[in-house]
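Structure, as structure tokens:
Throughout, a chain's letter reflects where its sequence line sits, starting with A, and its residues are numbered from 1.
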Protein chains: 2
Amino acid sequence: MGFFSKTCEYALRAVMYIASQSSDGKKVGIKEVADKINSPLHFLGKILQNLSKEGLIQSTKGPQGGFYINPDGLKRPLADIVIAIEGTQFLNGCGMGLSYCSQENPCPLHDDFKEIRDRLNLMLHKTTIGQFNDKLIQGVLTLNK
Amino acid sequence: MGFFSKTCEYALRAVMYIASQSSDGKKVGIKEVADKINSPLHFLGKILQNLSKEGLIQSTKGPQGGFYINPDGLKRPLADIVIAIEGTQFLNGCGMGLSYCSQENPCPLHDDFKEIRDRLNLMLHKTTIGQFNDKLIQGVLTLNK
DNA sequence: TAATTAAAAGATATTTTTGTCTTTTATTGT
DNA sequence: ACAATAAAAGACAAAAATATCTTTTAATTA
């Protein structure tokens, strides 16, 4: 297993792809997204549907419809996606799975984990959804395979 | 979901508990371990069985039997447990799930993730299984709930 | 209004993870 | 040898994650 769940991996890749295509009000169909990020079509459908409900991406049905991200959305941090999918536990919970773990009642890895989680949080909060648009369009960065 | 799988969380807690009880050749039964780390008994049984096969812990059957960790084992890094359970992918794979992700063909998060993974690896490799024995015995650190 | 398009929603299937229960095997002590 | 103990092993079940397929709803265009 990877660091994030498959669901979260697909979500991150898909959102970044949609972002990179959303510059001039363009919309992309789910078939294109699934193809470009190499994910199962209908499974991705559910994921995008949820992200859409959360307001992280936008969509319209019908001809010329598809998914897109509005300018404000491009400025949101990646953390929003991760939290929407993995929940807050992933970024804030105890590394050893203890629910009462705290500074007063610490697990053996409490301090070490706090530092690593802090770094992960920092990274996910300072990085925005639209941050990679240019390099994705240029083809310098990859989202496929 | 947490950072590690339940299996890995139980494993880390159990191994640390067994370690803390292994100072003077003492052995602990699985019932005691499951109770002390608050995990499902038989599920933990499978986990310890696997760790035993990997040589990360030792066990003997029969009266006065149980699980223990030999002096060399106490010096091994936590990374050995995590790798035994989560696989190398967890500590080395691409954060976005791409199998061809590399410095030459990077995903958008390649560099950021590398730094976080490096820190996690460093921590898990410098921390040993037996490192918390004293504080666990003193009750300064917790493994339960 | 009708046909077409594309996401939303629902139903179902598969796989993996997590968990429980029972039987077997190995060890110890009598 | 026999009984008791405790892990190993196997069978099975429940829940969650992953995946596929079909139907419905909303939007567009002709």
Does B:Tyr10 have a side-chain nitrogen or oxygen under 4.0 Å from the phosphate oxygens OP1 or OP2 of C:dT18? no
Would you check if B:Met16 and B:Leu78 make a side-chain contact, meaning some heavy-atom pair closer than 4.5 Å? yes
Any non-hydrogen side-chain atom of A:Tyr17 less than 4.5 Å from a side-chain atom of A:Val28? yes
Is B:Lys114 salt-bridged to B:Asp118, going by a charged N under 4.0 Å from an acidic O? yes
Figure out the [atom1]/[atom2] separation between [X] and [N], and round it to whole Å.
X	N	atom1	atom2	answer
A:Leu44	C:dA9	CG	C1'	16 Å
A:Glu9	D:dA19	CD	C1'	15 Å
A:Gln49	D:dT25	CD	P	14 Å
B:Leu48	D:dA8	CG	P	8 Å
B:Leu41	C:dT18	CG	C1'	14 Å
B:Ile47	D:dA9	CD1	P	15 Å
B:Phe43	D:dA14	CZ	P	17 Å
A:Arg13	D:dT18	CZ	P	12 Å

Partner of B:Ile129 under side-chain contact (heavy atoms from CB on, under 4.5 Å), chosen from B:Asp80, B:Ile57, B:Ile18, B:Ile81: B:Ile81
Mind running salt bridge (charged side-chain N to carboxylate O under 4.0 Å, His left out) on B:Arg76 and B:Asp72 for me, showing each step along the way? CA-CA 7 Å; B:Arg76 296 182 68 170; B:Asp72 277 359; over 6 Å; no
Please classify the nucleic acid contact of B:Lys46 as base, sugar-phosphate, or nothing, using heavy-atom distances under 4.0 Å. base
Which is true for A:Val33 with a 4.0 Å heavy-atom rule: it touches a base, it touches only sugar-phosphate, or it touches nothing? nothing
Nucleic acid contacts - [range] versus DNA chain C, non-hydrogen atoms under 4.0 Å:
range	answer
residues 78-95 of chain A	none
residues 53-68 of chain B	B:Lys61, B:Gly62, B:Pro63
residues 15-23 of chain A	none

Quick check: on DNA chain D, is the nucleotide nearest A:His42 upstream (toward 5') of the one nearest A:Ser5, or the reverse? Name the residue that is more 5'. A:Ser5
Value rounded to 0.5 Å, distance of [atom1] in [X] from [atom2] in [Y]:
X	Y	atom1	atom2	value
B:Lys53	B:Gln49	NZ	CD	5.0 Å
A:Leu143	A:Ile37	CG	CD1	7.5 Å
B:Ile47	B:Glu9	CD1	CD	10.0 Å

Honestly curious: do B:Leu122 and B:Leu120 fall in one hydrophobic cluster under the side-chain, below-4.5 Å linking rule? no
Does A:Phe3 share a hydrophobic cluster with A:Met96, counting links as ILVMFWY side-chain heavy atoms below 4.5 Å and allowing steps through other members? yes
Please pick, from D:dT20, D:dA7, C:dT18, the nucleotide with the shortest atom-to-atom distance to any side-chain atom of B:Thr7. C:dT18
D:dA8, D:dA19, C:dT18: which one has an atom nearest the side-chain heavy atoms of B:Lys6? C:dT18
Just say parallel, tilted or perpendicular for the rings of A:Phe4 and B:Phe113, cut-offs at 30° and 60°. perpendicular
So, for A:Ser22 and A:Ile69, which heavy atoms are closest and what is the spacing to 0.1 Å? OG-N, 3.1 Å
